[in-house]
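Notes to accompany the following structure.
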Amino acid sequence: MLSDEKKKRADELAQSSTREELIWLSGYFAGLLGDKTAAAPAPTVKTASPKITLAYGSETGNSKRLATNFAATAKQKGLSVKLVSLDQYKLADLPKEEYFIGVISTHGDGEPPAAARKFYDHLHSSELHLQNLKYGIMALGDTSYPLFCKAGEDVDLQLSSYGAQRIAPLQMCDTD
C-alpha cells in the first residue's frame, strides 16, 4: 500500500520513537482517519506508568538529597516512584522490580556507605536472576580519591552480570 520510500520513512520514524511517542502517533493517525471517514475515533488507551524504585545509599546525605529531588521530579511528571534507603530495602524484592534506579555514594577506600552495605554484600554473595530488571546507577564520589565512585561501579557491574538491562550508562559524579 505504501511506496517503498514512504515505508522506509515510516520504519525510521518508528525505530527512533519512544513507546509514548508511538502511542501519540497512533492516536494522531487515527484522528486523521476519523476526520476523513464516518468511523468513530479510536478509543484512548491509557498506559500504566512504570513502577520505579529509587534507592539510595548515603553516608553524608548527598545521595539521599539527589534521590529525593529525582523522585519529586519523576512524580511531577506522573511516574510512580517508590523512594527508599538501601538500608531499608527488602533484598527479596530486587528480582520482582520493574525499574530500579540506585544513587550510591562511595565512602572511604572505595567502600559503600554503611546504609548500602547490606545491599552491596547481597549483590556480591548471592546468585540472582534479574533478566526482567531495568536499571540505572548514579555513583557519587570524590575525584581526589583513587577509587572514585567504586561502590556504584561495583553495583552497576553486578546488576549487569545477573542479566539486568542497563537503561542508562553509569553516571559517575564528583562531590561538586
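Because only heavy atoms are used, hydrogens play no part in the values below, and waters and symmetry mates are left out as well, while side chains stay in. The chain is numbered in sequence order, starting from 1.
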Is the closest side-chain heavy-atom distance between Leu128 and His122 below 4.5 Å?
yes
Partner residues of His124 under the ring-ring contact (aromatic ring centres under 6.0 Å, His included) criterion, sequence neighbours left out:
Tyr120
Would you say Ile101 and Ile52 make side-chain contact, with heavy atoms under 4.5 Å?
yes
Using every non-hydrogen atom in the two residues, find where Pro50 and Tyr99 come nearest and quote the distance to one decimal.
CB-CE1, 3.3 Å
Are Phe100 and Phe119 an aromatic pair, judged by ring center distance below 6.0 Å?
yes
Under the side-chain hydrogen bond (donor to acceptor under 3.5 Å, both in side chains) test, which residues partner Lys150, sequence neighbours left out?
Asp154
Can you sort out the partners of Arg166 under side-chain hydrogen bond (donor to acceptor under 3.5 Å, both in side chains), two or more places apart, ordered by chain and number?
Tyr135, Asp156
When you compare the side chain of Leu140 with that of Leu66, does any pair of heavy atoms fall below 4.5 Å?
yes
Shortest non-hydrogen contact from Leu54 toward Ala67
CD2-O, 3.1 Å
Look at the side-chain heavy atoms of Ile, Leu, Val, Met, Phe, Trp and Tyr, link any pair under 4.5 Å apart, and say whether Leu130 and Ile167 land in one connected group.
no
Is Pro113 close to Ser105 at the side-chain level, that is, under 4.5 Å between some pair of heavy atoms?
yes
Among pairs that include at least one residue of residues 99-112, which meet salt bridge (Lys or Arg N to Asp or Glu O under 4.0 Å), considering only residues two or more places apart or in two chains?
Glu111-Arg117
How long is the straight-line distance from CG of Asp174 back to SG of Cys149, given to the nearest 0.5 Å?
7.5 Å
Any donor and acceptor pair, going by atom type alone, linking the side chain of Gln165 with main-chain N or O of Gln131 inside 3.5 Å?
yes
Main-chain N/O of Leu83 paired to Tyr56 side chain as donor or acceptor, under 3.5 Å:
no
Can you list the steps and then say if Thr106 with Leu147 is a side-chain contact (heavy atoms from CB on, under 4.5 Å)?
CA-CA 8 Å; Thr106 297; Leu147 296 174; 5.5 Å; no
Validation row: Leu94, Leu123 side chains within 4.5 angstrom (heavy atoms):
yes
Considering all heavy atoms, the nearest Gly57-Ala116 contact:
CA-CB, 4.0 Å
Is any side-chain heavy atom of Ser63 closer than 4.5 Å to a side-chain heavy atom of Ile104?
no
Please report, to 0.1 Å, the donor-acceptor pairs under 3.5 Å made by any side chain of residues 68-78, with sequence neighbours excluded.
| from | atom 1 | to | atom 2 | distance (Å) |
| --- | --- | --- | --- | --- |
| Thr68 | OG1 | Lys64 | O | 2.8 |
| Asn69 | ND2 | Arg65 | O | 3.4 |
| Thr73 | OG1 | Asn69 | O | 3.1 |

4.5 Å side-chain heavy-atom contact, Ile137 and Leu159:
yes
To the nearest 0.5 Å, what is the distance between CD on Glu59 and CG on Asn62?
11.0 Å
Under a 3.5 Å distance rule, please check whether Ser160 uses its side chain to pair with a backbone N or O of Leu157 as donor and acceptor.
no
Closest non-hydrogen contact found for Leu170 with Ala139 is CD1-CB, 4.2 Å
Asp93: which residues meet the side chain to side chain contact (heavy atoms under 4.5 Å, CB included) condition with it, sequence neighbours left out?
Lys82, Tyr89, Lys90, Lys96, Glu97
Applying a strict under-4.5 Å side-chain criterion to I, L, V, M, F, W and Y, I'd like to know whether Leu91 and Val155 cluster together.
yes
Below 4.5 Å, heavy atoms only, C-beta onward: do Cys173 and Met138 meet side chain to side chain?
yes
